[in-house]
Undergrad: 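Can you read through this structure? Questions will come right after.
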Amino acid sequence: MIFPTKFGTLILAISFCLYLVSMQSFSGLLFLVLGVMFACFVVNFFRARGSTRHIAVAPPGSITCSEGDRIRDAWTVANTGDADIGHLRLFGPWGELMAIGRLAAGEERHVTPELTFERRGVYPFSALRARSTFPYGLLQHRRAMRFAGEVLVFPALFPCTPPVAAGFEPMLGGRFTGKFKSQTGDNFHGVRPFQPRDPVRLIHWPSSSKGQGIMVKEFDEELSGRVSIVVDNRVGTTIDGETMLDWAARASGSLAFAALDQGYQVEFAIIGADDVISIPPFADGDVILEALARLQPADKQNDLARLPAITAALSQKSGLSVVLTDDHPEDLAYVRELTSILNRKVQVYIAEPAFDPVVVQYPDITLRRYGARGVL
Amino acid sequence: MRYTEPRNLLILLGLICQGFSWEVDYVPVVYAVLWWICLRQRREKPLVSRDIEALLLLAACGTFKYLSATWEIGHNVMIFVGGNSLFVYQLVHLLERPVPRTRDLSVLVALIHIGVGTQVVFDYKAFVILCAFLVVGPKALTALENERYGQSAQSTSPFAVRLRFREICGLALLTVTFFVSFPRFNFQARPPSQLLGGGGRGPLDQQMDMSDSAGDGGDALIFRIQGEGISYLKLYGLDQFDGRAWTASHWARKIKNQMGPENPEAALQRTVTITNYTLLDNKLPVDGYVTTVQGSFVSRPYIAGDGGVKIDFKLRNNTSYVYWTQPVDPTDSLDDRQLRRYLELPEQSEQLQAWLQDFLGNDNDTASQVGRLATYFQSEFQYDLGAPDLDRLNPIDDFMFVERRGHCERFASALTVLLRMRGIPARVVGGYIPVEKNELGEFFNIRSKNAHAWTEYFLPGQGWTIADATPYGRGVEDTPRALALTLFEWVEYTWYSRIVEFDAHEQRALFSFLGSHLRDAVSVILNYLLVILAGCGLIGIGMLAWQVDWRRLLSRFFSREKTKQRRKREVHHFYDRMMRLLARQRCYRQPSQTPWEFLGQLESTQHPRIDDIRMITTIFCDMRYGNRDIESTKMIDLQHALARIRHR
């Protein structure tokens with residue numbers, strides 16, 4: 001669809017006035033001036049139409065960003081026509097994506113949209129709108145481009161103290177040192193006499209050459225713990241347009257990544273979801289972020305009944321962290337009862353506004369608070 | 001860099017156009033200098049607030065209104081006052097850094113100024129301005145749009161504003177298409193120029209004193225005229241003679257008749273473009289008997305008593321009109337009053353009367369008398385622009401018998417007097433004679449030096465007829481002009497007549513011309529449709545033939561042909577074998593028998609393998625005489641048939 005721009009409307013108005021003047025003029029030269037303006041309109045019509053028809057937009061396979069950050073993934077924009085196109089603006093359901101000054105014929109360019117989302121979530125789109133006023137800005141051609149896709153907005157992460165881990169096991173690259181020694185590792189402990197079945201490659205030749213016998217290297221045992229994080233998916237209260245669920249998503253994501261950075265193995269679960277996400281240490285935790293981005297509030301408001309099933313699916317040796325969106329005493333009691341049955345350490349994270357200092361403190365549960373952008 | 005910005009160049013173009021409204025050539029230069037100064041002194045912050053800006057504009061309006069009244073600027077008040085006030089607006093905003101709002105407005109104001117320019121400039125300057133606008137205008141619009149995208153555009157390379165040659169050509173083509181085809185209307189509510197005092201029928205402004213000498217008229221171009229068979233171009237007629245000077249009587253200036261609504265088919269069309277109206281005033285140079293005059297700015301023309309065409313208003317430069325005329329008007333007649341007026345003459349000398357009687361004798365034929373007198377003057381007298389003044393008391397006798405030389409007015413006066421003495425109604429006519437022709441444009445350039453005077457006499461059944469007694473001198477001859485000059489004049493003429501004055505009437509005429517030619521073209525196409533289709537078919541076949549791989553095709557054809565020939569030989573072989581087999585079975589074919597006759601003979605003998613024999617004979621005859629091909633499966637059937645015949 002083609003529309004005149006504001007400037008084009010003004011030019012049309014002036015052209016109309018000049019046309020009225022021409023009726024009383026004895027010179028036909030005014031029509032030449034009007035003709036130039038007419039020619040500009042015609043050229044604008046065809047080239048704007050061509051611009052919107054020949055623009056090919058290829059969004060990346062997955063479009064992700066974090067809350068408050070720009071989209072990081074570049075989109076590929078190409079000119080599939082034989083002539084230059086330009087003065088294009090692409091709009092999505094949330095506003096302007098990008099503006100393109102000019103693309104030569106056959107040129108391809110990678111453009112990162114100027115788009116920021118303030119809240120985590122999934123933002124689907126089925127169509128984009130392209131508008132072009134190329135080249136004179138007199139007429140604007142609009143075209144809808146059918147695209148199916150979604151933007152995943154991850155919760156914002158913040159630095160925090162990693163949750164308490166448990167079930168330390170030897171793991172190459174682990175950050176923690178065990179009391180035992182091992183044949184592999186990064187931290188050299190010392191040498192010991194060769195024993196049968198020791199690999200030849202472990203022989204420490206400098207020591208062995210001193211005449212005290214064959215010595216082999218030994219390393220400090222590297223241990224890595226396990227952390228399990230369970231997120232309550234009840235929506236909770238709303239403050240400044242943000243729900244406690246949003247806060248919980250940020251907090252749980254931050255905790256998970258802090259644990260990963262510490263070298264722990266992280267198991268992540270959402271109450272109400274069937275899957276447990278298991279992330280080995282130092283691995284990419286984007287799958288957690290994706291799960292948190294897609295986190296939807298639970299249908300039932302006061303339902304922690306699935307917590308036992310979830311905790312049963314988690315590693316029994318891991319340190320359990322439960323992120324609650326509310327601080328109902330019955331929830332805490334329920335969690336305590338569950339942890340006493342499971343006989344394991346539990347950390348419970350409660351949202352700051354929901355935290356009541358007079359809430360009953362249980363000795364075997366560590367209560368911690370989290371806010372919109374931090375864990376306290 | 002700012003001096004070459006397209007937007008600033010467009011503003012400059014607009015200012016130059018507005019400067020031409022002062023009708024003084026140096027003002028556009030002044031405006032251009034002011035533009036340069038303002039750009040050079042540009043500041044970051046706005047120079048004045050919006051309120052002060054509005055006050056400035058009002059003050060400018062008042063000032064220019066006063067100036068236009070004081071200096072009697074001839075243009076429309078809106079063009080002068082409004083346009084120059086906007087000029088002040090442009091200068092104010094050139095002094096400050098442009099913001100989006102002022103950028104757009106300055107471009108709009110520049111467009112208005114350029115529109116003003118087309119109303120005050122019409123010659124080569126207009127052409128230059130329009131060409132510049134064609135290039136600078138789109139670039140300025142593109143630059144403006146670039147600036148709107150500048151900050152957010154995802155463009156890593158500079159977005160240069162370039163206008164390619166083919167884009168300019170495309171824009172020019174669209175401009176011309178619009179110029180020619182967009183509907184035009186003309187509503188002139190008032191005449192274009194000043195009303196004459198007394199409505200053009202006031203005090204006499206033309207007279208001819210034959211006793212005075214004449215000088216060279218000059219080379220100033222007055223008008224151009226185009227048409228076939230253009231004769232002497234009349235401006236006015238003088239019918240009163242006091243013995244020395246000719247003047248126009250009151251009756252000569254009155255309206256004789258108004259123009260007719262339509263021109264007759266037999267009328268000849270002329271197109272006149274006036275370039276210097278001062279020598280024409282309110283008179284339209286025409287020839288013959290005018291029937292219709294048409295012109296956007298020629299208001300209410302009428303035919304005066306002297307036969308000339310006049311309007312009640314002064315003409316103006318760059319005005320065109322079209323008129324239709326007939327060389328003669330058999331229906332024209334003179335009543336008694338007119339007859340007396342055109343025969344009225346002061347008493348002439350006896351010497352002149354005697355000479356006239358002696359020269360013409362008893363010749364009563366009007367045309368013969370006129371011819372003899374004109375020939376006498378042309379052969380016996382001398383054309384001399386610088387001839388001395390004649391005797392003021394008796395200029396005719398002095399001219400006829402003493403000086404015998406002079407300019408065209410003397411010859412016209414003398415001939416008119418002599419004709420009246422013979423009772424032939426006659427008058428002196430002033431106007432122009434077409435001499436200098438532009439061969440490219442088929443039009444005549446009429447200059448001051450082409451002014452001429454001649455005699456018109458009334459011939460019943462023909463009307464007023466031209467008689468020229470002037471022997472042609474050097475000044476009247478057509479001197480050859482340089483090709484470049486001819487070309488320039490043709491371009492100038494075309495520019496004014498086809499572009500500057502292209503109006504609604506011209507547009508309708510063009511469309512009807514195109515329409516009629518299109519209809520003719522369509523009828524020709526229909527008449528020769530078959531030929532055209534055949535031609536197209538041949539062309540198509542030729543193009544296809546050009547595309548076909550002939551070698552491959554021929555090889556396939558020839559291979560097919562070979563196969564056919566081989567089969568033919570085989571069938572021959574089968575037939576011969578069949579004949580030999582039948583011969584062993586004592587069935588002989590006579591040399592004179594044809595295969596069908598032999599088959600008939602075998603059928604009569606009821607040969608047990610007659611079906612096979614029939615099949616072989618049929619196939620043989622088809623191939624041998626019918627040049628038909630058979631399928632390869634038939635060859636197998638032939639073999640089987642032979643085998644059956646063998647084992648009868």
Side-chain angles (χ1 to χ4, degrees), chain A residues 5-8 10-11 13-15 17-44 46-47 74-75 77 84 86-90 96-104 107 109-114 133-138, chain B residues 76 78 104-105 107-108 111-112 114-115 117-122 126 129-130 133-134 137-138 141-142 144-146 148-150 152-157 159 161 167 170-179 182 184-190 192 296-297 316 318-319 499-503 506:
Chain A
T5 59
K6 277 186 192 171
F7 185 65
L10 285 171
I11 297 278
I14 288 182
S15 302
C17 292
L18 290 177
Y19 179 65
L20 292 176
V21 168
S22 72
M23 292 185 190
Q24 291 233 343
S25 170
F26 65 91
S27 164
L29 297 179
L30 198 51
F31 268 84
L32 286 173
V33 174
L34 291 173
V36 173
M37 294 188 207
F38 166 79
C40 290
F41 271 94
V42 171
V43 170
N44 201 153
F46 284 104
R47 297 205 73 178
W75 295 41
V77 176
D84 292 1
H87 295 158
L88 276 156
R89 292 186 193 272
L90 288 176
E96 184 176 320
L97 276 178
M98 61 184 78
I100 297 165
R102 192 173 197 137
L103 273 179
E107 183 183 351
R109 199 175 289 168
H110 299 282
V111 178
T112 306
E114 304 255 349
T133 57
F134 190 68
Y136 303 131
L138 302 173
Chain B
N76 188 296
M78 286 295 294
D104 292 351
L105 285 177
V107 167
L108 295 173
L111 289 175
I112 293 172
I114 292 170
T118 62
Q119 302 302 297
V120 299
V121 181
F122 309 106
I129 287 169
L130 288 166
F133 179 55
L134 184 65
L141 292 175
T142 306
L144 209 61
E145 190 63 15
N146 283 352
R148 291 193 194 102
Y149 275 81
S152 62
Q154 300 289 329
S155 177
T156 55
S157 58
F159 187 177
V161 178
E167 290 175 8
L171 288 168
L173 190 63
L174 285 167
T175 302
V176 169
T177 305
F178 178 89
F179 178 80
F182 199 78
R184 291 168 186 251
F185 302 96
N186 241 323
F187 300 110
Q188 279 108 42
R190 59 166 182 81
S296 299
F297 290 86
R316 53 185 303 163
N318 308 317
T319 304
I499 296 175
V500 175
E501 296 190 12
F502 188 79
D503 58 4
E506 294 261 346

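Heavy-atom basis, side chains included; hydrogens, waters and symmetry copies ignored. Proteins come first, then strands; the chains are lettered A, B, ... in the order of their sequence lines, and each starts at number 1. Note that the structure is a prediction, hence the values are computed from the model and not measured.
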Undergrad: Among A:T133, A:V77, A:I11, who wins on heavy-atom pairs under 4.5 Å with chain B?
TA: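 Of the options given, most contacts go to A:T133.
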
Undergrad: Which one of A:I14, A:L18, A:T5 has the most heavy-atom pairs closer than 4.5 Å to chain B?
TA: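 Most heavy-atom pairs under 4.5 Å with chain B: A:I14.
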
Undergrad: Looking at CG of A:N44 and CG of B:L141, how far apart are the two atoms once the value is rounded to the nearest 0.5 Å?
TA: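 Going from the CG atom of A:N44 to the CG atom of B:L141 covers 8.5 Å.
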
Undergrad: Does the side chain of B:N146 reach to within under 4.5 Å of the side chain of A:H87, using non-hydrogen atoms?
TA: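 When only atoms from C-beta onward are counted, A:H87 and B:N146 do touch, with a gap below 4.5 Å.
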
Undergrad: Taking the side chain as every heavy atom from C-beta outward, state whether A:L30 and B:Q119 have any pair of such atoms under 4.5 Å apart.
TA: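 Of all side-chain heavy-atom pairs linking B:Q119 with A:L30, at least one is under 4.5 Å.
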
Undergrad: Evaluate the side-chain proximity of B:R148 to A:F7: yes if any heavy-atom separation is below 4.5 Å, no if none is.
TA: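 Sidechains of B:R148 and A:F7: in contact.
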
Undergrad: Under 4.5 Å between any side-chain heavy atoms of A:F31 and B:R184, yes or no?
TA: yes

Undergrad: Please confirm whether the ring centroid of A:Y19 lies under 6.0 Å from the ring centroid of B:F182.
TA: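 Yes - the distance between ring centres of A:Y19 and B:F182 falls below the 6.0 Å cut-off.
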
Undergrad: With rounding to the nearest 0.5 angstrom, report the OG1 to CG distance, B:T118 to A:L34.
TA: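 Answer for the OG1-CG pair, B:T118 versus A:L34, is 8.0 Å.
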
Undergrad: Is B:V107 close to chain A through its backbone or its side chain, or both, or neither, when contacts mean heavy atoms under 4.5 Å?
TA: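 Just its side chain gets close to chain A.
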
Undergrad: Can you tell which part of A:F38 gets under 4.5 Å to a heavy atom of chain B, answering side chain, backbone, both or neither?
TA: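 Contact with chain B: side chain only.
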
Undergrad: Does any backbone or side-chain atom of B:I112 lie under 4.5 Å from a heavy atom of chain A? Answer side chain, backbone, both or neither.
TA: side chain

Undergrad: How far apart are the closest heavy atoms of B:A126 and A:L29, and which atoms are they?
TA: CB-CD1, 3.6 Å

Undergrad: Run the numbers on A:L10 and B:D104 for side chain to side chain contact (heavy atoms under 4.5 Å, CB included), then give the verdict.
TA: CA-CA 9 Å; A:L10 285 171; B:D104 292 351; 5.6 Å; no

Undergrad: Chain A heavy atoms under 4.5 Å from B:L171: which part of the residue, side chain, backbone, both or neither?
TA: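 Both parts, backbone and side chain.
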
Undergrad: Within a strict 4.5 Å, meaning less than it, do heavy atoms of the B:I499 and A:L32 side chains meet?
TA: yes

Undergrad: Measure distances from A:L103 to the heavy atoms of chain B and classify the residue's part below 4.5 Å as side chain, backbone, both or neither.
TA: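 Neither; nothing under 4.5 Å.
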
Undergrad: What distance separates B:L134 CG from A:C40 SG, expressed to the nearest 0.5 Å?
TA: 8.0 Å

